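Here is how names work: the chains are called A, B, and so on, in the same order as the sequence lines, proteins then strands, and each is numbered from 1. No experiment lies behind these values; they were computed from the predicted model shown.
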Amino acid sequence: MATGSSVPPSPVLHAVRLGVRRGWAEFVQSLRSSQDQWFYLFTAFLAVGYLYLRRDTPVEGTDLFLPSVALPSILGGLLAFGLVIGPAYSLAMEKEDGTLLRAKAVPHGLVGYFAGQLVLHSSSIVPQMVAVLVPSFLLFDGLMADPSGWWTVAWVLVLALLATLPIGMAIGALVPSAQKVGMWGMLPVMLLAGISGIFYPIDALWGWVQVVAQLFPMYWLGLGMRSAFLPDSAAALEIGESWRTLETVLVLGAWAVVGALVVPALLRRMARRQSGSQVAAAREAATQWVK
Amino acid sequence: MGDNEPGGPVVEVRDLRMRYGDKDVLVGVDFTIDAGEVVCLLGPNGAGKTTTIEILEGFRERSAGAVTVLEQDPSRATEAWRARTGVVLQSWRDHPRWTPRRLLDQMGGYYAPYGTAERPRPVPTDELLDVVGLTELADQRIATFSGGQRRRLDVAMGIVGRPELLFLDEPTAGFDPQARREFHHLVHRLTDLEGTTILLTTHDLDEAEKLADRVLILAGGRIVADDTAERLALRAAIDVEVKWSRDGERFVHATQDATAFVHQLLDEHGDAVVDLEVRRASLEDAYLALVQSHESGRSDEAARAFTEVI
């Protein structure tokens, strides 16, 4: 870096390293927290319970049973849910409770804060996946058609992170308060889960709904996961009777690019507005739920 | 204060103005703070103290005026500038799962690239825990802390970078008297040992008198008094209030020479004068009057009346 520049490179890198440590510490704290353990176990219980109740339901047009087809779709849905709602809640809460302001008050603290957020939310998908996958593999047979599918799981996970984390961060940056994450985050994600072919095939829906669903990452995450777990013959159930791998990469990649372009500006805008009086106002507002 | 460092003032504010929508909060604030000073910004709630301190912290954009803090404009300051300042924030429920030790290690870490031989940064965590009296709670989850313990942690985080200039916005709000006393000790220790310049806000005159080398009183959107607490008290006490009743009517008169006035009064009316009361106005009286009129919405008027008294 040229001399005379206002930001020497080393403090920024130093802050990134501290941020990674911060995110890891928060991840470990989350694993130890009974609140978060319950969340992982509860979602896993719902997902696996649903699969178990319908373990003998055959899937029309294939020789597969429902758990084989529904598990990858549910994994895709859980990924999208966790990676959108997790960071959205974190950011919305932490701009209210002063965490973000603390980061702003130390040199390059925001760099560290956001690095920490990335590490925390990326790591958080591991316990969520494990909580669903372990009981599923114990209870059901024929979930993974070909072991090479794990490779596909890996790249779908990476694309899932890149495509959906920024959406969660954008929601967290834009919502006026943590109380509004339900309205602006939870509700749209639930609606998308309903139309993204997770619980029933997407071609059972009206055409325009199918189009809407295919604009968002959730459908493609489910499709990518199905392509990883299911035999190639099962592609016959999908739109265009194909796994559409190229389209999956393109759509998720496009979300990742838009996210990478838009979200840093949103985060900067959010951070610029942080001040003690804003935190104080949020504290007042939080004690006054009914207005 | 002793150790004046070379160079200009640490804080210089000229004609600072702030407007929210069509409401003027600051209408021309001027003051200067020198290195090593403890300055207290005193004023009624809503007078603009928090706005002023947030502008100096670089957390808020001003509407107009010139502000220089540690040789830079805080609204465009670098991270190296940030490393030289400390802000004591009022925590609420942040970092509930962290322990003070881990959190101070993390927050202090950001200052490490900015340490110098003269000002090693950050302050070692153990030393800091000791200074704020949290050694025994160092490995407990912050979620279990009482309000007072949390505030001590706030102070620790504010000074972890060994700041040259420390901002404290209503630092003792919610403290019990004991905690307040300990906090005052801590402030004195910081200025004596580290030569830290401190700007704090409060609406409590008593606290301002105890802590500050200099008191700035903010009212009606500007500084209406800027002096040591002692001199402000002396100035406020020049006038003496004489009250009495005569023939069932109540009289009040302000004078600088109470003795002569009472003499004359008794000579003229003798036994008719009853309920005689002579009272030297204190800074507290003047300040309370200011706060009272401010709270009843007459802030401009209050500021003017106060300027006349002081």
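For chain A, the option among B:Leu103, B:Leu89, B:Thr85, B:Val87 with the highest count of heavy-atom pairs below 4.5 Å is B:Leu89. Annotation: maximal heavy-atom pairing with chain B below 4.5 Å, among A:Val279, A:Val111, A:Thr99, occurs at A:Thr99.
Counting heavy atoms from C-beta outward, B:Phe59 and A:Leu101 have side chains that approach closer than 4.5 Å. Considering only heavy atoms from C-beta on, A:Gln29 comes within 4.5 Å of B:Arg102 through its side chain. The side-chain heavy atoms of B:Tyr114 and A:His108, taken from C-beta on, include a pair separated by under 4.5 Å.
Scanning both residues, A:Val106 and B:Arg82, for their nearest heavy atoms gives C-CG, 3.7 Å. Pairing each heavy atom of A:His14 with each of B:Gly109, the nearest pair is NE2-O, 2.7 Å. Smallest separation of non-hydrogen atoms from B:Glu54 and A:Gly276: OE2-N, 3.0 Å. Listed here is the closest heavy atom pair of B:Tyr110 and A:Tyr113: OH-N, 4.3 Å. Listed here is the closest heavy atom pair of A:Ala103 and B:Met107: N-CE, 4.4 Å. Across A:Ala105 and B:Tyr111, no two heavy atoms sit closer than the pair O-OH, 3.6 Å.
A salt bridge is defined here as a Lys NZ or Arg NE, NH1 or NH2 lying under 4.0 Å from an Asp or Glu carboxylate O, and B:Asp154 with A:Arg102 meets this definition. Between A:Glu96 and B:Arg93, at least one side-chain N (NZ, or NE/NH1/NH2) sits under 4.0 Å from a carboxylate O, which counts as a salt bridge.
Contacts between A:Arg272 and chain B at a heavy-atom distance below 4.5 Å involve the backbone alone (N, CA, C, O). Proximity to chain A involves both the backbone and the side chain of B:Trp98, based on heavy atoms less than 4.5 angstrom apart.
Evaluation of the side chain to side chain contact (heavy atoms under 4.5 Å, CB included) rule for A:Ala44 yields A:Ala131, A:Val132 as partners, not counting sequence neighbours. Listed by chain and number, the residues in a side-chain hydrogen bond (donor to acceptor under 3.5 Å, both in side chains) with B:Arg141 amount to none (sequence neighbours excluded).
B:Gln106 places a side-chain N or O within 3.5 Å of a backbone atom of A:Leu18 that can act as its donor or acceptor partner.
The number of heavy-atom neighbours closer than 6.0 Å to CD of B:Glu136, taken from other residues, nucleotides and ligands shown, is 12 or below. Around CZ of A:Phe137, the count of heavy atoms belonging to other residues, nucleotides or ligands within 6.0 Å exceeds 12. More than 12 heavy atoms of other residues, nucleotides or ligands shown are found within 6.0 angstrom of CZ on B:Arg19.
Contacts classified as salt bridge (charged side-chain N to carboxylate O under 4.0 Å, His left out) and involving residues 23-46 of chain A (residues at least two apart or in different chains) are given here: A:Asp36-B:Arg97.
Scanning residues 62-76 of chain B against chain A with a 4.5 Å heavy-atom cutoff picks out nothing at all.
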